[in-house]
Amino acid sequence: MTELPKAYEPTVVEEKWQNRWLSEGCFNADPQSDKPAYSIVIPPPNVTGVLHMGHVLNNTIQDILVRRARQEGKEVLWLPGTDHAGIATQARVEKELAKENPPRTRYDVGRTDFMKMVWEWKDKHGGIIINQLKRLGCSCDWERERFTMDDVYAPEVARVFTELFKEGLIYRGRRMVNWDPVLRTALSDEEVIMTPSKSKLYTIRYKLADGSGQLLVSTTRPETIMADVAVAVNPKDPRFGHLVGKTVIRPLVETEIPIIADEHVEIEFGTGALKITPAHDRTDFEVGTKHNLEIIDVLTADGHINCPDCPELHGLDRFVARDKSIELIEAKGLLEKVEDYENNVGMSERSHVPIEPRLSMQWFLKYPCVKEAAEAVANGDIVFRPAHWAKTYAHWLEGIQDWCISRQLWWGHRIPVWYRKDKADELQEAAKLDEADAAAGDIYVGVEPPADPENWVQDEDALDTWFSSWLWPFATMDAECRAKFYPTCDLVTGPDIIFFWVARMIMAGYRFADGKPFSNVFFTSIVRDLQGRKMSKSLGNSPDPLDLIAHYGADGLRFGLMRIAPTGTDVKFDEKQIEEGKNFANKLYNAARFRMMQGEADSVAPVFTSVHIDILSKLKELHVTVADALSKYEFNTYTQALYSFFWNEYCSLFLEAVKNDLREGDPAVKNATLHTIDTVLRHYLALLSPIMPHITEELWQSLGFAARNEGKPLMSTPLPSAEHLLAGLSDTHISKARALSTALYDTANRARNLKAEYNLATNKKVRFVVKPSLPVDDDLMSRLALLAGAQSATAEPDYEAPKGTPTALTPFGELFLPLDGLVDVEAERSRISKELEKITKEIAKSNAKLSNASFVDRAPAAVVDQERARLVEWETKKAQLEAMLTALA
RNA sequence: GCACGAGUAGCUCAGUGGUAGAGCGGCUGUCUUACACACAGUUGGUCAGGAGUUCGAAUCUCUUCUCGUGUACCA
């Protein structure tokens, strides 16, 4: 037998198996298979992305699910791919351009060439993350990898757009949108993060035009004052009623503007008067529309002041202009006061600058199938886990607003709309465009460009990236694949994209794919650092999963993370936990190595002793626990059960108890032990394999299990059936064996305690004597000696211990540790007295409970009986301990 | 403001009505021929505070506090 290294080295092993699985096509899905289908689509990571801990958690869970499904005999599709990530990807390439000498912008390059550059960048650098997922061991069907802009996917996006347009759900309109002045594009509401910010509240004097006084108006945005078209007060406000209808002088670019009455103004807030700036505030826009007010836009697309009438501010950055405008107002003596103020400012999720409410021409979608989507989750057709996310989801759907789907970007799906060349300018200015304009032949909407392209101009904008992602569960599949694998079974994703992605996919599924896109959604934890902060690049608190894989192995990383993360609440990431994963892999490896040192088992049918039956019975239970936990998506239970079975039950108890069988003694016992070990390992590796696929695969081969199955890899082998474990043994036989084994392990614990209490080293070869209270055989006694690290353990019914011999009460009876010359009666007396004290307390507690009539009458009989049994047990022990004390006297 | 989640051992987390748990850490021993990435022993908790329901509460109800997340916002 070749000498194996003492420590497990994952790197080579993991790569080996990843390659082999791929080359054997183990991950590939067969749509023509008649096995039941199981499918998942991956949440497509950004093509610019690199693997982070969130991906690791997410994809490990998916991999567990699909690998287990394969073992259960399902035809599995795990469909991978990447997202074109409009803004992120375009920004990457623009950054490269900016680094050139001289620096260039995309406008210098031009749309066609720029697109070519992004595609080149994507082909060269994109999809790093795909390889990283492979390093993690993800068993996706890589041959079906999709990209949200590839040439089968793109037509689907255009088709969906066209259909929704024809249905009247997509329209173009001039509306207030969230404008990102850095990226110079519109954003959806979901891409704006409201952030509490420290700012100033300026109170400014607006003089009445008739010279009869002034009106105080508070604002946080004095730089837009030139765009004021009115001042509004609440019609019910007694202070200002008489002023409505009069005019005030706008402090900058002085003009008379009316004082109007509108319910929207809060009487209590600030001065009770509100400046109305329809071009730069959402609610002001509404008020303006209602009162038919002019709209004056004084900001450029990139957030600079555009107001030639105010030369001091014209051309300034919006924040510079804010200070400057206050200087101007103060110089005019119109500044009443400045206060510190905290308000919520909408920040761009992408560029992290305050967004501008901006009036612009954009495409909008009135969501389809909102009702179906809401009902599906409400009535359990789609199950959310943890369940509480259903509430968040329902709440969002209730207040749902039209989705701004156009982006002023180049990288993405270009809007499939063309304008008649001769009418293009006119159409650009229209207040709203919809199906009527298409019917009139002024615009063309379609998957293919118009037949006479020279007469048409295509819309300049691209679609929001999510407008392609929301089709992911079906647009990634061809007809054959869809027939077999749609709807998918599970979706595993972070709760942070419940609106961006999950909700929209459900709607798209109902509208475009004849029903729900998935049956279950598992929302993962969000991985945070030890201070509880979200992991982010800028904080530098996110460990690189590839480093972790290098240190601990992919299996170690997967296992370690799953041990702490999976219940659905956020998790604080601690690298220590990953180390545990590695240690566990090492433990497993060594346990297998130990088996390999023992040689072959005979083909003779084994005769099991109690410890064999005990571990096999626990193995059988493990099957149930694992199946149950996975069916309920309780990954924590799954992982813990696997861990504790192997480390505690199998290694620490069972293996330690049977080691001697392998070295010496009865060949029949040795044979039974080898059979048991092989059975446990064979089943266990299979149960563990979904979470630690590489090491289990490696050991499956090394232990020769693959050879018995035509060399097939573990991952393609059906799960061994638990039914045949201990077949033919009666339940009584099994439970008796388990009781004896438990007694053995408990007794061994007491024996080790005794040694420790007398400061005897673990490896000190002592002698134990048991005065048995139940029939114990030599087999048990020799296992006891082994477990307790003793020279011998003997059962002697008539043993008379010398006074002061250390002793303990065990399930086997009184246990003695005869120590020649080390006898201290007082020490023994005090030890036993202490134990007696404890037990007396327990008895008192138990007695109190049982003499409580309410308890006896109202508690379930089983609970009362249990308590009675407990009391009897304590009292027996007490009597024994008292006898021991007497013997010492 | 509203909604949801969390608060259990020094740390990270299990535990949805019946004797408070695991791993790590700490402390003591041990290189006992599978494993020092290990073994053995041991130390850690008024289950955030208060009230209630119950024979019995970490668990159910109410309430207070702290933290997190989402969502709505008034300049």
Side-chain angles (χ1 to χ4, degrees), chain A residues 4 6-8 194 201-203 217-221 232 264-277 281 283-284 341 343-344 386 388-389 391-392 395-396 399 495-496 498-499 526 528 530 532-534 552 556 560 563-574 576-577 579-598 634 636-637 639-640 643-644 647-648 651-652 655-656 659 663 749 752-757 759-765 787-789 842 845-846 849 852-860 862-864 866-867 870:
Chain A
L4 289 164
K6 277 190 164 189
Y8 176 59
M194 299 307 281
L201 184 64
Y202 304 97
T203 302
V217 177
S218 294
T219 181
T220 53
R221 303 210 54 194
H264 170 73
V265 183
E266 299 262 339
I267 296 174
E268 306 299 325
F269 189 90
T271 62
L274 169 65
K275 77 190 194 75
I276 301 297
T277 321
D281 184 279
T283 47
D284 285 10
Y341 186 66
N343 62 346
N344 274 338
H388 65 82
W389 289 111
K391 245 185 180 173
T392 309
H395 184 248
W396 183 73
D496 47 338
I498 186 167
F499 309 137
I526 289 176
R528 301 176 175 280
L530 277 176
R533 300 173 304 179
K534 214 167 165 172
Y552 307 109
R563 270 191 87 196
I564 51 169
T567 49
T569 54
D570 289 0
V571 69
K572 289 182 195 159
F573 177 78
D574 186 350
K576 271 271 168 212
Q577 305 287 349
E579 200 181 332
E580 289 315 300
K582 178 193 177 180
N583 293 351
F584 184 62
N586 191 55
K587 186 77 180 174
L588 180 67
Y589 167 83
N590 273 293
R593 194 166 70 99
F594 175 66
R595 171 61 189 93
M596 287 176 230
M597 292 170 171
Q598 311 304 331
E634 289 170 359
N636 184 287
T637 309
T639 315
Q640 291 294 356
Y643 183 92
S644 106
W647 203 305
N648 303 331
C651 290
S652 294
L655 272 191
E656 293 305 326
K659 268 185 179 166
R663 291 182 196 142
N749 268 337
R752 282 190 296 247
N753 287 353
L754 265 191
K755 273 175 82 174
E757 277 173 52
N759 290 324
L760 299 169
T762 332
N763 57 353
K764 174 89 178 170
K765 291 296 174 198
L787 286 165
E842 293 295 341
K845 238 161 88 181
S846 203
K849 219 170 174 182
N852 180 342
S854 315
F855 172 71
V856 178
D857 293 347
R858 300 206 199 172
V863 174
V864 179
Q866 195 188 337
E867 192 62 41
R870 203 178 285 155

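The sequence lines fix the lettering, A, B, ..., with proteins before strands; numbering per chain opens at 1.
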Compare the minimum distances between each of [options] and the side chain of [X], then state the nucleotide with the smallest one.
| X | options | value |
| --- | --- | --- |
| A:Y643 | B:A34, B:G23, B:C11 | B:G23 |
| A:A756 | B:C74, B:G41, B:C13 | B:G41 |
| A:S652 | B:C74, B:A34, B:C39 | B:C39 |
| A:L530 | B:G23, B:U12, B:G29 | B:U12 |
| A:A7 | B:C37, B:C74, B:G68 | B:C37 |
| A:A761 | B:A34, B:C4, B:G29 | B:G29 |
| A:A859 | B:G70, B:U12, B:G18 | B:G18 |
| A:R563 | B:A22, B:U12, B:G70 | B:A22 |

Partner lookup for [N], please. Criteria are Watson-Crick or G-U wobble with both distances under 3.5 angstrom; report none if nothing qualifies.
| N | result |
| --- | --- |
| B:G41 | B:C27 |
| B:U69 | B:A3 |
| B:G18 | B:C55 |

Can you tell me if [X] uses its side chain to pair, donor with acceptor, with the backbone of [Y] under 3.5 Å?
| X | Y | result |
| --- | --- | --- |
| A:K275 | A:V217 | no |
| A:R752 | A:L787 | yes |
| A:N590 | A:A7 | no |

[N] phosphate, OP1 or OP2, under 4.0 Å from [X] side-chain N/O:
| X | N | value |
| --- | --- | --- |
| A:T392 | B:A3 | no |
| A:R752 | B:G41 | yes |
| A:K6 | B:C35 | yes |
| A:N583 | B:C35 | no |
| A:K587 | B:C37 | no |
| A:W647 | B:C37 | no |
| A:Y341 | B:C74 | no |
| A:N753 | B:U42 | yes |

Confirm from the modelled atom types if [X] and [N] form a donor-acceptor pair under 3.5 Å, side chain to base only.
| X | N | answer |
| --- | --- | --- |
| A:K391 | B:C4 | no |
| A:E656 | B:A34 | yes |
| A:T762 | B:G29 | yes |
| A:K659 | B:A34 | yes |

Separation between the C1' atoms of B:G50 and B:G29, rounded to whole Å: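 Comparing C1' positions in B:G50 and B:G29 gives a spacing of 46 Å.
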Identify the two heavy atoms, one from A:K755 and one from A:A788, that lie closest to each other, and give their separation to 0.1 Å.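 Residues A:K755 and A:A788, closest heavy atoms: NZ-O, 3.3 Å.
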Of all heavy-atom pairs between A:S218 and A:T271, which one has the smallest distance, and what is that distance?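 For A:S218 and A:T271, the tightest heavy-atom pair comes out as OG-CG2, 3.6 Å.
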Syn if the chi torsion is within 90° of 0, anti otherwise; quick check, which is B:G52?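 Anti, since the glycosidic angle lies more than 90° from 0.
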With RNA chain B as reference, determine whether A:N343 or A:N749 sits nearer its 5' end, using the nearest nucleotide of each. A:N749
Does A:E867 or A:L274 map to a spot on RNA chain B nearer the 5' end, using the closest nucleotide for each? A:E867
Is a salt bridge present between A:E579 and A:K582, judged by a nitrogen-to-oxygen distance below 4.0 Å?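 Here A:E579 does not pair with A:K582 in a salt bridge, since their nearest N and O are not under 4.0 Å apart.
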